[in-house]
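What follows is a short report on a single structure.
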Protein chains: 2
Amino acid sequence: MVEEALTAERILEAAEEVLRRFGPAKATVVDVARALGVSHGSVYRHFPSKTALRDAVAERWLTRVSKPLAEVAAEKGPAPERLRRWLGLLFELKRKKARDEPELFATYTNLVADARDVVRVHVETLAMQVARILTDGVEQGEFTLDDPVTSAWAVFHATARFHNPIHASEWSDPGIDAAFEGVWSLLRGGLGAREAPAKARAKPSKK
Amino acid sequence: MVEEALTAERILEAAEEVLRRFGPAKATVVDVARALGVSHGSVYRHFPSKTALRDAVAERWLTRVSKPLAEVAAEKGPAPERLRRWLGLLFELKRKKARDEPELFATYTNLVADARDVVRVHVETLAMQVARILTDGVEQGEFTLDDPVTSAWAVFHATARFHNPIHASEWSDPGIDAAFEGVWSLLRGGLGAREAPAKARAKPSKK
DNA sequence: AGACTGACAGATGTTGACTTTTGTCATCGC
DNA sequence: GCGATGACAAAAGTCAACATCTGTCAGTCT
């Protein structure tokens, strides 16, 4: 009988399923191995530690968050509206994960608390997406900014309440959407947002 | 021999000292009573529960935070500079507390996690101080705002990273002051900050 | 009579013996 | 030889017996 080869990919799928079922507190490497019908020693042939396995699961999962955001960031339209949609989508995605996949979300929250590398990379990816939108906006004359990267981080910090899982318990507060509106409107002003001048549409003027 | 009467005030002092020594996890009502040389039953004559006692200690402590801030909020000078100083002082005070009084700070962090009333009042007090500065700024023609109270809350949410104790572990990061600068500069723009027009100094124009 | 006590019940926390889990590695089978 | 195994040591987690703590109240002292 042909057994399917044990690959990192298959382990990740099984691990995600096990995490989804038992949560980060109860899921063990033995559970993952059992789901695959192998010994737990075999899992250690593909991942150096349980932590590495958990990080890898989280990384896949975080990529599924940042991919739709990357699409928005790469759009061509007006930057202020795009940034608004991007931030709204980020908040919406995180909230949805927290609601619909509480066990995987708990795994992510643990990673954030540990300040693990996966999270740093994820956050940097997102900040660079914001920076891209801001740069577009500056080129299109819609934003007034000295340094889009610094501003991108500032936007990220200022909206922490709406995407950092440490604040997840506040996401069901009744006033949270109004709070988001308030912060957004402050940020839009802080970025010097205005209608793109018609001339800038055709060809951005120098500097 | 004349024993000093057992008052709520004396209990609070002893409780604060006990909390400072043992932290919120280890301090007991019996410890507080022992420090005062009375039975723990007597403490319950003045506070209905351990929680109420802890809240009362935290309230005293939080007042010591918000009082110097209230002084800054009540100053007369230019509002943008005043807001900047107010936010900087808030951040500085919280960081100092976290560094110098870790046990009392842990008590406060627990209260925040429990979403207790004392904290809600503290946060509302602070937001109203911000609102006051913003209102002054609008009257002096230094800010452009539809609704200073909404903006005050937005400022508060956007700066959560720099005063919410849930983020205390990030306050020793090397980049934290730069992050604060970045967020501040975004906020200042978002408030429509500008030099106060000379005419406004004498008498604010209507609306 | 009112402030305080101390014994008490139920809730909460601690301890330590025991179980499970993580991670390693010599060995196996294809 | 390569991937997998399973026996093993060390680390971490469980759980029940035990200890402490919270909150109450009948009763003492002044």
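Numbers restart at 1 for each chain; the letters A, B, ... are given by sequence-line order, proteins then strands. Hydrogens, waters and symmetry mates are skipped; everything else that's a heavy atom, side chains included, is used.
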Nucleotides 2-22 of chain D: protein proximity per nucleotide (B base, S sugar-phosphate only, - neither; heavy atom, under 4.0 Å): -SBBB-------S------SB

Separation of dT21(C) P from Phe22(A) CZ (nearest whole Å):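 That distance rounds to 11 Å.
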
Residue list, salt bridge (charged side-chain N to carboxylate O under 4.0 Å, His left out) with Arg85(B), at least two apart or on another chain: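 By the salt bridge (charged side-chain N to carboxylate O under 4.0 Å, His left out) rule, Arg85(B) matches Glu75(B), Glu81(B).
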
Heavy-atom pair of closest approach, residues Ala158(B) and Leu187(B):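 So the minimum-distance heavy-atom pair works out to CB-CD2, 3.9 Å.
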
Non-hydrogen atoms of Trp61(A) and Glu101(A) that approach each other most closely: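 Looking at all heavy atoms of both residues, the shortest contact is NE1-OE1, 2.7 Å.
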
ring-ring contact (aromatic ring centres under 6.0 Å, His included) partners for Phe162(A), two or more places apart: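 Phe162(A) satisfies ring-ring contact (aromatic ring centres under 6.0 Å, His included) with Phe91(A), Phe180(A) only.
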
Arg84(B) with Glu181(B): basic N within carboxylate O range, under 4.0 Å: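 Salt bridge present between Arg84(B) and Glu181(B).
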
